[in-house]
There are 2 protein chains.
Amino acid sequence: MDQSPPRNTSVTVADVAHKAGVSKATAARVLGGYGTVSDRVREAVTAAARALDYRPNELARSMTTGRSGTIGVVVGDIENPFFSLAVRGITDVARQAGFTVILINSGEDVGAEKAAIRTLLAKRVDGLIVSPAKESDVEHLREAARSGLPLALLDRGSDALDVDTVIADDRHAAEGITRRLVSLGHHRIAYLTACDTPDHRFHAAGDINTGSVRRRIEGFLGVCREAGLIGMEDWVHVGAATPEQTHRIVTAMLQSAHRPTAIIASDSVIGLEVFKVCRDLGLSIPDDLSLVSFHDADWTSVTTPPVTVVRQPVYGLGETAAKLLVERLNGKGGEASRIVLRTEVVDRASIADAPV
Amino acid sequence: MDQSPPRNTSVTVADVAHKAGVSKATAARVLGGYGTVSDRVREAVTAAARALDYRPNELARSMTTGRSGTIGVVVGDIENPFFSLAVRGITDVARQAGFTVILINSGEDVGAEKAAIRTLLAKRVDGLIVSPAKESDVEHLREAARSGLPLALLDRGSDALDVDTVIADDRHAAEGITRRLVSLGHHRIAYLTACDTPDHRFHAAGDINTGSVRRRIEGFLGVCREAGLIGMEDWVHVGAATPEQTHRIVTAMLQSAHRPTAIIASDSVIGLEVFKVCRDLGLSIPDDLSLVSFHDADWTSVTTPPVTVVRQPVYGLGETAAKLLVERLNGKGGEASRIVLRTEVVDRASIADAPV
DNA sequence: AATATAAAAGAGACCGGTCTCTTTGGCTTT
DNA sequence: AAAGCCAAAGAGACCGGTCTCTTTTATATT
């Protein structure tokens, strides 16, 4: 029977104070590291705390200080490499600044996102980093911000929300790759996104609630229009939210008589699925189909051919958002910053001239 | 100037009670959903709460109930697809059961892990899911468990720790693929892991502190011995913790005169890097080198050739650990369960007969 | 109508810290 | 030696909920 230190059933400052023979207030001063205490007393209290295996109760501390030392993070899906990398950026900065992170997945569902915010508010997080599921539905976020809670938006902004925002230059990136495809002679270029609309069809960019994706599609359509290509709205496909759905959409698209000669995939999960369908259908990339994907996932350089991608500074997105938030938490006031991080096209071998 | 509801500077039950004209205790009964109240009073309180935009303070609630509704999760690195998928499994179960998740990365460093546990203990999490960095250094975990905090181990067990544990049948999986390679005539088989030893060299399986990896290496060495291959310890390489290090190790290995004819990669990040080095060196998989990787990452089926992998039920690992923990939290007592989930070899095309 | 019984509401302690305000004690100052 | 001052320690309220215990009110019983 070994039970060395005596089963710590919550030792409190009062217990430590009693053991050290001082008042609760004095013990609290030593343990909490504030106020002034004599060296002799400090040692006595420290010794008593060690002997009793005292563990501070951060919850109780939060009660009076009003700070919980916690930030809430709401992302679409931590399983998606995009978010897991961004979250890594967030947690690194948060830890450095002495905060812990409560993570909630919204599954890109606004209802779940609202519930998440409510939960985090109840847990009294000191700040919030959110990747909003719908730009058009941010009343819950505005309310949180208005009540004075620091809020930073990740990857997706909202003009309706005057808060710190960190996004990538999605429109510019989309314009660049579209221009490149057009100059290679492509007229039938499909854009494929996981975002969905009520009727699962695309009509206009305004239908798309995810800010980053809407800006990309605007860029895509803008360049097409500029190049004299009309009716390109019909080539935007929504609802590729799972590998299965993507498979269905891409297969149908590539088997139709009027099939695209190039596909722009809005994330690496979609890009991967396009690759698989081509293999199954016996189509060659880039001879039969050119492929460009957003997100420089690590595997995109080892396929045959390697995939041309838009490299986003994903870690930096999370890192920057967290830094902005931490600054707010440390009392830095002033205007909300809207930071746009540069993207870069990584040229590999998945695009070529349009087939004749 | 719009400021519809009056800037909620923390509305408390007392405020609601006052507005509704009832006592604090009664208002708390309505708001907290306990005890008995008349319908009339319930409505009055509910209305007052809505009017004042009352938000419960979960922290204060935790003070008295002793439950925080939070579980702490410590993993090596959320950026690694293995962990992000496992964490997804954990968060799904946690949310279902009404818990939120505080996530901390240990970076596979025991010191950081200890700090993480301390932080989580201070935050008074209701339970803990940990993927221990070192099996040999679990005193902090034992102490947490002994103080009555439910603890579940993820992917890595410890005989020294009698707590709920969920792992994969790593040894069996390693035996299977090693046997396959041996039967194809391979004698020079390298095993590559991110785990490290003090001197960055491998001597015996006991050197490896990560349980899952140690079991795999034991399986690997066991089958080799069985097959009459001796001194295979020299073929185990440790310290492939980053793509850069992996690159260095693999390049050196493949450029040596006595180079391996097969490589077993301990995770998909390593597998990917092996692939890249082969491409750079102009070596053909599987003609010049056979490759097997642990973790059926989504990209492994689209490379040329597609990679033969050990498929682990990663989501299920997290899911199961969370379920066990939730059961404990709901008071189910009894023996600690040690669950071993099945793995499966997915045969693709990256292995072949040993070159002559 | 009088009593028993249960339901509804109130009063106030409590959780474990922080923090303000007050008291004590040692040391300087002239 | 008396006054003045500041560091060190103590007393107790407070944060915002929960919960026990007590009192009041409504309903049932004969």
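The chains referred to below are lettered A, B, ... by the order of the sequence lines, with proteins before strands, and numbering in each begins at 1. Everything numeric here is computed off the predicted structure, so don't read it as measured data.
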Considering only nitrogen or oxygen atoms on both sides, find all protein atoms under 3.5 Å from nucleotides 8-12 of chain C and state each distance.
from   : atom 1 : to      : atom 2 : distance (Å)
C/dA9  : OP1    : B/Ser38 : OG     : 2.6
C/dA9  : OP2    : B/Ser38 : N      : 2.7
C/dA9  : OP2    : B/Ser38 : OG     : 3.3
C/dA9  : N7     : B/Arg29 : NH2    : 3.3
C/dG10 : OP2    : B/Ser23 : N      : 2.7
C/dG10 : OP2    : B/Ser23 : OG     : 3.0
C/dG10 : OP2    : B/Thr26 : OG1    : 2.8
C/dG10 : N7     : B/Arg29 : NH2    : 2.7
C/dG10 : O6     : B/Arg29 : NH2    : 3.4

Quiz item: With a 4.0 Å cut-off, would you call B/Arg146 and B/Glu143 a salt bridge?
Solution: no
Quiz item: Between C/dC19 and A/Tyr34, is there an OP1 or OP2 to side-chain N/O distance shorter than 4.0 Å?
Solution: no
Practice problem: May I have the step-by-step check of salt bridge (Lys or Arg N to Asp or Glu O under 4.0 Å) for A/Glu108 and A/Arg156, ending in yes or no? | Solution: CA-CA 12 Å; A/Glu108 302 294 4; A/Arg156 304 165 190 179; 2.9 Å; yes
Quiz prompt | CD on B/Glu135 to OG1 on B/Thr210, rounded to 0.5 Å | solution = 8.0 Å
Quiz item: How many Å lie between CZ on B/Arg61 and P on D/dT18, as a whole number?
Solution: 4 Å
Quiz item: Given atom CZ of A/Arg67 and atom C1' of D/dG16, what is their separation to the nearest angstrom?
Solution: 19 Å
Practice problem: Nearest whole angstrom, please: distance from the C1' of C/dG16 to the CZ of B/Arg124. | Solution: 9 Å
Practice problem: Could you state the atom-to-atom distance from CD of A/Glu58 to C1' of C/dT18 in whole Å? | Solution: 12 Å
Self-check item: Carboxylate-amine/guanidinium contact B/Asp92 B/Arg88, below 4.0 Å
Solution: yes
Practice problem: Mind listing the closest non-hydrogen atom pair of A/Phe99 and A/Asp126 along with its distance? | Solution: CE2-OD2, 3.5 Å
Practice problem: Rounded off to whole Å, could you give me the NZ-to-P distance for the A/Lys123 and D/dG16 pair? | Solution: 18 Å
Quiz item: What integer distance in Å separates A/Asn57:CG from C/dC14:P?
Solution: 18 Å
Quiz item: Between atom CG in B/Asp15 and atom P in D/dC15, what is the gap in whole Å?
Solution: 10 Å
Practice problem: Would you indicate, yes or no, if C/dG16 has its OP1 or OP2 atom less than 4.0 angstrom from a side-chain nitrogen or oxygen of A/Ser10? | Solution: yes
Exercise. Might you point out which heavy atoms bring B/Arg328 and B/Ala336 nearest each other, and give the distance in Å?
Key: NH2-CA, 3.4 Å
Exercise. Please state how far atom CE in A/Met63 lies from atom P in C/dG17, giving the value in whole angstrom units.
Key: 13 Å
